[in-house]
Amino acid sequence: MKLIKRLCGILTTTLIVNSLAACNVNVNVGNKNTYIKEIKIGVTLYKQDDVFVSTITKNLEEIAKEKENEGKYKIIINIVDAKGSLINQSNQVDKFVAQNYDVICVNMVDRTAASMIIDKAKSANIPVVFFNREPVEEDMERWNKLYYVGAQAEQSGELQAGIIMNAYEKDNRIVDKNGDGKIQYVMLEGEPGHQDALIRTEYCIKTLTQKGIELEKLADDTANWQNAQANTKMTQWIKNFGNKIEVVFCNNDDMALGAIQALENSGLTEKPLVVGIDGLPKALEAVKNGLMIGTIINDSKKQASAIFNIAYTLATNGDVNSVEGLEKGKYIKTPHTQVTSENVDLYLENKK
Ligand code: GAL
Ligand code: CA
């Protein structure tokens, strides 16, 4: 390791990109050509084409660029796609370890399989920031250099229920279209076993029933967070239940958008209310256009900055306990906000 560090000084910048961490390098930052330190952050994604996950990484890259422009460090963020394969992800972590990255950020393909990644990182003494797909607590306890950044899943389910509850209280016939005193619903769920899917479903239904609203489940199934799968499921449910469906609860917006497409293609006269989670720009537009009753902002900016703050602090030998929002020394879970036609303009403005 000592030899490696000494070698750093004589390597060219190009070589360093593929080799060693925390070296002094001669680089262009802004317009200045300065001699600064380089930090390397590796990021492996469960699937790059997941719309919400890709918004986190876009924000992460922007935040890193801004920080780099301060001129203290050259910041390399290397984002790789595991394409849904744990084997790919494991190989990617091996590469980050071999190339001496300072921190590895992992969006687990299978959140129950974190121990394998943890063992590799621990033996190389490289801290890991898990995000969006939470390892089980037992794995998070395996080492004191493990972190997790995600969202307050319970709250997203409660707020989603709140959108329907408010509509019901305002005018129950907007929701309970057939006036039988119950809400007939279908539920599109995220990946089975994903903490956000399980918790959102549970808390959404629990919140409504605790408020005394009677629910009748017509159908529920996973569409794995995906637009196309949700479209297929919804098309089938429209065939099975037609105008009976009063609410479509969706664990995320991309599935809600798929369901909306199916509804648009169906020619149904009485369209159900559709509600999602994430606050994707397309979903905000759907709220604005009245195709969706509401969504819940899953704060990808706050999550990206939490991931970055932890990674940067670790890579620069700072005090990680001083990172804003860190709980129990390892968790940051961001809060959500509710969006309906009443406040959507505020968020559409922010997206510009
Ligand atoms: C959730 C998000 C989903 C999907 C999933 C992937 O938090 O709401 O849209 O991106 O993470 O793990
Ligand atoms: Ca009803």
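Both ligands and their constituent atoms are indexed starting at 1 by order of listing. Because the structure is predicted, anything quoted here is derived from the model rather than measured. FYI, side chains are in, hydrogens and waters are out, and symmetry mates aren't considered; it's all heavy atoms of this structure.
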Handout entry: Plane angle bin for Tyr101 and Phe96 - parallel if under 30°, tilted between 30 and 60°, otherwise perpendicular
Key = tilted
Handout entry: Asn224, Leu280, Val51, Asp196: member with heavy atom nearest to atom 1 (C) of ligand 1
Key = Asp196
Handout entry: Note: Lys182-Glu246 ion pair, threshold 4.0 Å (strictly below)
Key = no
Exercise for the section: If you have a sec, work out which protein heavy atom is nearest atom 2 (C) of ligand 1 and how many Å separate them, to one decimal? Expected result: Asp278 OD1, 3.5 Å
Handout entry: Side-chain donor or acceptor of Asn132 paired with backbone N/O of Gly150 under 3.5 Å
Key = no
Practice task
May I ask which of Tyr46, Phe131, Trp225 has a heavy atom nearer to atom 3 (C) of ligand 1 than the others do?
Solution key: Trp225
Completion exercise
Asp176 OD1 to Asp180 OD1 via the Ca ion (ligand 2), rounded to 10°, gives 80°
Practice task
Answer with yes or no whether the side chains of Thr235 and Asn231 bring together a donor and an acceptor at under 3.5 Å.
Solution key: yes
Handout entry: Any Asn132 heavy atom less than 4.0 Å from ligand 1
Key = yes
Problem - Electrostatic pair Glu62-Lys65, nearest N-O below 4.0 angstrom - result: no
Practice task
Before signing off on this row, confirm whether Asn251 and ligand 1 have an N or O atom pair separated by under 3.5 Å.
Solution key: no
Exercise for the section: Measure from NZ or CZ of Lys206 to the centre of the six-membered ring of Tyr203 and say whether it is under 6.0 Å with the direction within 45° of the ring axis. Expected result: yes
Completion exercise
With heavy atoms and a 4.0 Å threshold, my read on which part of Asn298 contacts ligand 1 is side chain
Handout entry: Location of contacts on Arg200 toward ligand 1, heavy atoms closer than 4.0 Å
Key = side chain
Exercise for the section: Considering only non-hydrogen protein atoms, determine which one is nearest to atom 4 (C) of ligand 1 and report residue, atom name and distance to 0.1 Å. Expected result: Asp50 OD2, 3.4 Å
Problem - the Ca ion (ligand 2): angle it makes with O (Lys182) and OE1 (Gln184), nearest 10 degrees - result: 90°
Problem - Residues Arg200, Glu189; criterion salt bridge (Lys or Arg N to Asp or Glu O under 4.0 Å); working and verdict - result: CA-CA 9 Å; Arg200 285 171 186 173; Glu189 294 174 11; over 6 Å; no
